[in-house]
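Reminder, nothing fancy here: chain letters follow the sequence lines and each chain counts from 1.
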Amino acid sequence: MSKNLRINKNKFIDQTARISFKFNNKKLYGYKGDTLASALLANDIHLVGRSFKYHRPRGIMTCGSEEPNAIVQISNDPSFTEPNVRATEIELYEGLEAFSQNCWPSVNFDLGGINNFLSPILPAGFYYKTFMWPASFWEKYEFFIRHSAGLGKSPTKPDQDLYDHQYAHCDVLVIGGGISGILSARLSAEKGLNTILIDDKKDLGGSTLYENNDIFKIDNENSNIWLKKQIEDLKKIRNLTIKNRTSVAAFHGYNYLLARENLTDHLSIHERKNKIRQRLWKIRAKKVVIATGAIERPLIFDNNDRPGTILSSSIKKYIDYYGVKTGENISLFTNNDSAYETAISLDKSGVKVKVIIDIRENSNSVLSKQIEKMGIKILRGYTVINTGGYKRIKSFDVKKLSNDGGSVVGEKITYKCDCLGVSGGWTPMVHLFTQSGGKLKFRNSDNVFIPDENKIPSEQISVGSSNGDFELDNVVNNTVKSIKVFLGLDKTNYEQLKIECSKEKQKRNIWLLPSDKPMFKTKPFLDFQNDSTAKDVKLALREGFKSIEHVKRYTTTGMGTDQGKLSNMHALGIIADSTGTNMGELGTTTFRPPYTPLTFGAIVGRNVGEFFDHTRRTAIHNWHVENKAEFENVGQWKRPWYFLKNGENMHQAVQRESKAARESAGILDASTLGKIDIQGIDASEFLNRVYTNAWSKLAIGKCRYGLMLNEDGMVYDDGVTTRLGENHYIMTTTTGGAASVLSKLEDYLQTEWPELNVYLTSVTDQYSTMSICGPNSKKIIKKLIPALDLSDENFPHMSFKNSIIDNVNCRIMRISFTGELSYEINVQSNFALNVWEKCMEAGKEFNITPYGTETMHLLRAEKGFIITGQDTDGTLTPSDLQMDWIIGKKKYDFIGKRSLYRSDTIRDDRKQLVGLLTDDPKEVLEEGSQLIESLEKKPIEMLGHVTSSYFSPNLNKSIALAIVKNGKKLKGKRLIVPMENENINVTITDAVFYDKDNERLNA
Amino acid sequence: MFLINCPYCGERDQSEFSCGGEAHIERPKQPTELSDDQWAEYLFMRKNIKGIQFERWNHIHGCRKWFNIVRDTSNDKIHAVYKMGERPPVK
């Protein structure tokens, strides 16, 4: 049975708009404007989840993005569900379903809770220490550890929501819509600067928005009323864009920022239809104003984690903004004045605070006087030493602090309560500043890290409490002063503002509050999500961890989804105290993006499905689809792999295609090969320098195969280049190498050889290529172009002719990658399908067979032709490939020439390309399998590996190419391919298996 | 993600460019006359400075032009951009 803790006065929550939602399958009600957390609290529900390690009951602790405990799973729809959502951030919508995480069978009765009783044997590093022996058991341990780890559940079906990316450019970006952000945005926009103001909440105004204490005045008006007017004026400025519900995730160099805008998460499911859920803004700002505010710190004492223990400023927001009482018997525990503000707010709403425990001996600010006047009891110089209760705090014990604060003295007093507000001071949110490369400095007076104004990496400024100003007069005056300088303003409307506020005069900070019990019997939690305690940090220090980065990882402090926003500072403080180091010297752990978690959807935006990567299709693609091609991805290209006919499997199709290509005619779509048009009076000289062989003497109308090296002498790419004219060549590259070859050539032209007059143009997409091969190919070409003289004298191997097929201009090269007589037809791509169909028609009587990449690979392997990238891997020289013939020995220089006789490249025990034949001609080797000489001598030396392997239908046996150490000299040698279940015997042979004398080229 | 002021196109996002490593390493005019060590010096040895570094960049998704920049690797500040063949600014 739940109580209603809503008070009936509120302008921020629309109490006429009731919203129903479910938490752990229980139907509850809240109002428009609530977060899940405020609605739960209004229903008197504090217990929301279980902690990660000890499965302790945990409740709502904050009201913002720093929340460590109240993280829930939204929905159980397999595509919509989202884990680790902070109940304090998600706005209530009709039909919201939320579930507790990390508990089984339920949050109320969680079997994992047994870990809490085992906690003495689960210290920091428990997993590292325990599961080390025996090493072979790790796999078994891991299974159980993995199952018990992890918080929420991932969706199991694809996300149906839409996500967007958008670029924005502005003069000034203001991050944070609190009072300092609003002032900054107004000053900037009124100066005429194109300004963007980003705030993560639904309403602008920060905490001043709901400040109802009339001791805070600006220009004789209550601060909230004054600010409201500012916001109204602000919204009228035209060159200002306001983005609500938007969180800056990352601040990179050069003022490049990423911000996630929530567009529909606050709407009911049916209102979201067809809308974009989140938009990731990519912002370039000339100047950035960081006004991200500060987060209240908890206090570190024994059992400081019981549900009902809430940050004091959050209690204030729940009562003043949401109109929700976080309890009916509330006490506060503080080391500063801000808990007094909470007490006053509660009092005004009719909730009497029982007692304020203040660790300071005295306090005489305006606020403390107001408290005294209201008759609220304050125990000064006391500390809470323990709390009672399990699923909800029921009581707390206090004792007097010793003068040095290191121990407690006197009698224990116990107070009953159902909610304890805690305040340990404030931590400026410097995350974005440090992400951008800024350095922090430590201010000893109130123990805060603030931006070091001398170490600001870009055109940016931090203002307000994110810059360490916590009191209203300082916040306003310093913001105005700094923005004036930052934006170069002469005079502003905010010069002589009369500001009234309370000034805190006494400070006392104790990072780890003392207890009357020995340390090992206490649980003072630091990281509430990961269950690391002050005890764990001290243990890590005793075990020798010194660097804060190491302590962090060993204890997992600050490594939860909240990234330790709440209490990383306490961990640092305890380390500093224990080691006698100044916190300024100790520094902080690194703040990394994102500031709050981003959904994968927001990160990828529209780049999903077919937009994830470009798909390139040839002009003939649709024909391939219609003719049952299976496709292979080659880079971004879709290439036909093989064509299925009459219920064949892949092997049968490839065997049929390969036989047809050698026996009659085959046709291949080779359009994906890279094509670079080379022009200029120095084109021949250029080719001389980039290829290993000589090019100056290549006659117009002739083709030549070229091998391109890197400067280190290793084979990089290959292809046939044709001389179309005196100063005009067309170079072909491998499909995958097209872009990088062009880049490499451009690099040389622009940087090393600017004296060469050469122009390179990629024409890969502009031309389509079909290759017709086989003994009947000449007859097919003859049918297509009766006028062309195809005699060996007029049109020999390695030459080209301009011609016309069906009124389409084409370039025909007589070149071959299969070893068969072969013609390559190049046409403008928009005519390619038509010409392809003409070829098919002309070849019909010769059973012209379209074949795919697999058959192409098989046919060239029969001939021992390499495929760069398959048979080579950037470690092979031309000589290693037994291609010494292609090195222009007389050439003075070419790319990589000098490297061909480095001490390493002239070793004779390098790995070299050879052919392999299996003893059993039916046995096809696996590509990539290793080659060894013997199984006897140990350790077994790996001599090389298989690079290409096929069953050749034309030779009726298995063939393979391999690289083998010293392979050139090992012809006839027997090696072993050790496989999982057998050892396959092979013999090294020549790499050319078929038609060694190239008779078929002219058949 | 820095902004680079391409000398041909103007200021563009870093994602349009690719870095080609250290600048002003000239390919030897007569490689065949170099010893293994001298050739290795050209081929493999590159500086990796924390501080001011001269670098080659290519506007690969733009005008495809190569140019040089002077960048402080400790904070990514670009101090100068100049075309290939132009004299580098004095350190």
Where on [X] is there a heavy atom nearer than 4.5 Å to chain A: the side chain, the backbone, both, or neither?
| X | answer |
| --- | --- |
| B:Ile25 | backbone |
| B:Leu43 | side chain |
| B:Phe44 | side chain |
| B:Trp39 | side chain |
| B:Gln38 | neither |
| B:Met84 | side chain |

*Under 4.5 Å heavy-atom distance to chain B, tell me which part of A:Ser899 shows up: side chain, backbone, both or neither.*
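Both parts, backbone and side chain.
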*asked:* Using 30° and 60° as the class boundaries, would you call the ring planes of B:Phe17 and B:His59 parallel, tilted or perpendicular?
replied: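 Ring orientation of B:Phe17 relative to B:His59: parallel.
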*If you count heavy-atom pairs under 4.5 Å between each of B:Glu26, B:Arg56, B:Lys77 and chain A, which one has the most?*
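Result: the option with the highest number of such pairs is B:Arg56.
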*Under 4.5 Å, counting heavy-atom pairs only, tell me which of A:Lys897, A:His252, A:Glu752 racks up the most with chain B.*
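Among A:Lys897, A:His252, A:Glu752, the one with the most close pairs to chain B is A:Glu752.
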*Does the cation-pi check pass for A:Lys744 over A:Tyr716, that is, NZ or CZ under 6.0 Å from the six-membered ring centre and within 45° of its axis?*
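The answer is yes, since A:Lys744 meets both limits relative to A:Tyr716.
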_Taking A:Val288's backbone N and O only, do any of them form a donor-acceptor pair with A:Gln460's side chain (distance below 3.5 Å, no angle check)?_
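Side chain of A:Gln460 to backbone of A:Val288, a donor-acceptor pair under 3.5 Å: no, none is there.
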*For the pair B:Glu55 and B:Arg71, find out whether any cationic side-chain nitrogen is under 4.0 Å from an anionic carboxylate oxygen.*
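Counted as a salt bridge, because a side-chain N and a carboxylate O are separated by less than 4.0 Å.
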*Do NZ/NE/NH1/NH2 and the carboxylate oxygens of A:Asp893 and A:Arg689 come within less than 4.0 Å?*
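No, this pair does not count.
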